[in-house]
Amino acid sequence: MPGAAFFDLDRTLISRSSSLSLAPAFHRRGLLRRRDRTKATLAQLVFVRYGAGTSRVGQTVESAMAFLEGVSVETMREIVEEAMETAFKPHVYRDALTLVARHRERDERSFIVSAALQEIVDALVRELGFDGGLGSTAEVVDGAYTGRLVRRLDGRAKADVVSGLAAEQGIDLDESTAYSDSASDVPFLEAVGHAVAVNPDRKLRGIAAERSWRVLRFSDKAFPGG
């Protein structure tokens, strides 16, 4: 069986929090108050500098669900598509896409695995040419969000869904590679044969050194003029 590549999203594939990146787009549609947008901007700056552990960005999907209550899934998809050129593409790391191409040359598929909502993950999969993606899933009734999560995809949950995907699609995890920036993703990194720390936070740097995991530094953007 062939291996595959699994990429965390925030600060691994892109340089920022994908969920917080949508704050301006929500504000333009009247779905986010100005003070909440300011909070999101400040959190984004902290996240880019220090990572999820300091800014508690790992909780942003759950907190975001409160103001998504009653918003239609179709509206959310429209917002993500509208924000693609400004909120996402200018922050995609060139090295990450180079790695995707290298895995494809070895007949290995690449997947995004993220705590971001599935609707965000799906849009980035299409835009960046990934083979698939797994994200947090929200409860939907009559086409609109209820404000609750069905599955928050972080920590141990990431490892579990990767194992499930491998079983479904015939992927050899021992031959697979996982990329992440955060120590919270250690179970996800441990689920494969080749763990890679990308722009790691302090805790993950220490773990990578102890376990002789590869460490990569991404900085250049793939679409700087986006």
In Å, rounded to the nearest 0.5 Å, how long is the span from [atom1] of [X] to [atom2] of [Y]?
X      : Y      : atom1 : atom2 : result
Asp220 : Ser15  : CG    : OG    : 11.5 Å
Asp160 : Leu134 : CG    : CG    : 12.0 Å
Ile79  : Glu74  : CD1   : CD    : 10.5 Å
Asp122 : Ile112 : CG    : CD1   : 9.0 Å
Leu153 : Leu9   : CG    : CG    : 11.5 Å
Leu13  : Asp95  : CG    : CG    : 11.5 Å

- Report yes or no: do Val140 and Leu117 belong to one cluster of Ile/Leu/Val/Met/Phe/Trp/Tyr joined by side chain heavy-atom distances under 4.5 Å? yes
- Can you get from Val198 to Val162 by hopping between Ile, Leu, Val, Met, Phe, Trp and Tyr side chains that sit under 4.5 Å apart? no
Taking [Y]'s backbone N and O only, do any of them form a donor-acceptor pair with [X]'s side chain (distance below 3.5 Å, no angle check)?
X      : Y      : value
Asp10  : Ser18  : yes
Arg94  : Lys221 : yes
Ser114 : Gly135 : no
Arg104 : Ser110 : no
Glu69  : Ala144 : no
Ser72  : Gly143 : no
Ser176 : Ala4   : yes

- Message: If you define the side chain from C-beta out and look only at heavy atoms, does anything of Leu165 sit under 4.5 Å from Val113?
- Response: no
- Are Phe111 and Gln169 side-chain neighbours, meaning at least one heavy-atom pair lies under 4.5 Å?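 Touching, per the 4.5 Å side-chain cut-off.
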- Message: Go through it in stages, so that I can follow the logic: the residues are Thr177 and Leu99, the test is side-chain contact (heavy atoms from CB on, under 4.5 Å), and I'd like the CA-CA distance, side-chain angles, deciding distance and then a yes or no.
- Response: CA-CA 11 Å; Thr177 308; Leu99 286 169; over 6 Å; no
- Taking it one step at a time, do Ile120 and Met76 satisfy side-chain contact (heavy atoms from CB on, under 4.5 Å)? CA-CA 9 Å; Ile120 297 174; Met76 178 64 173; 4.1 Å; yes
- Run the numbers on Leu124 and Phe130 for side-chain contact (heavy atoms from CB on, under 4.5 Å), then give the verdict. CA-CA 8 Å; Leu124 286 166; Phe130 278 75; over 6 Å; no
- Item | Non-neighbouring partners of Arg205 that pass side-chain hydrogen bond (donor to acceptor under 3.5 Å, both in side chains), sequence neighbours left out | none
- What's the shortest heavy-atom distance between Asn199 and Asp181, and which atoms? O-CB, 3.7 Å
- Residues two or more places apart in sequence or in another chain: which of them pass ring pair (Phe, Tyr, Trp, His ring centres under 6.0 Å) with Tyr179? Phe7, His103
- Message: By the ring pair (Phe, Tyr, Trp, His ring centres under 6.0 Å) test, which pairs, at least two apart or in different chains, include something from residues 149-171?
- Response: none
- Name all pairs fulfilling the ring pair (Phe, Tyr, Trp, His ring centres under 6.0 Å) condition that reach into residues 77-96, sequence neighbours left out, sorted by first residue then second.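 Qualifying pairs, neighbours excluded: Tyr93-Phe218.
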- Message: Run the side-chain contact (heavy atoms from CB on, under 4.5 Å) test on Glu127 and Glu85 for me, step by step, so that the C-alpha distance in whole Å, both residues' side-chain angles and the decisive distance to 0.1 Å come before the verdict.
- Response: CA-CA 10 Å; Glu127 185 70 26; Glu85 295 298 321; 4.0 Å; yes
- Is the closest basic N to carboxylate O distance between Asp154 and Arg152 below 4.0 Å?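 Result for this pair is yes, salt bridge flagged.
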- Item | Pairing of Asp131 and Arg109 as salt bridge, 4.0 angstrom limit | no
- Item | Set of salt bridge (Lys or Arg N to Asp or Glu O under 4.0 Å) partners for Glu82, sequence neighbours left out | Arg29
- Quick one: list whatever passes salt bridge (Lys or Arg N to Asp or Glu O under 4.0 Å) with Arg102, sequence neighbours left out.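 Applying salt bridge (Lys or Arg N to Asp or Glu O under 4.0 Å) to Arg102 gives none.
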- Task: Decide if atom CZ of Arg214 counts as having more than 12 heavy atoms of other residues, nucleotides or ligands within a radius under 6.0 Å.
- Result: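 No, not enclosed.
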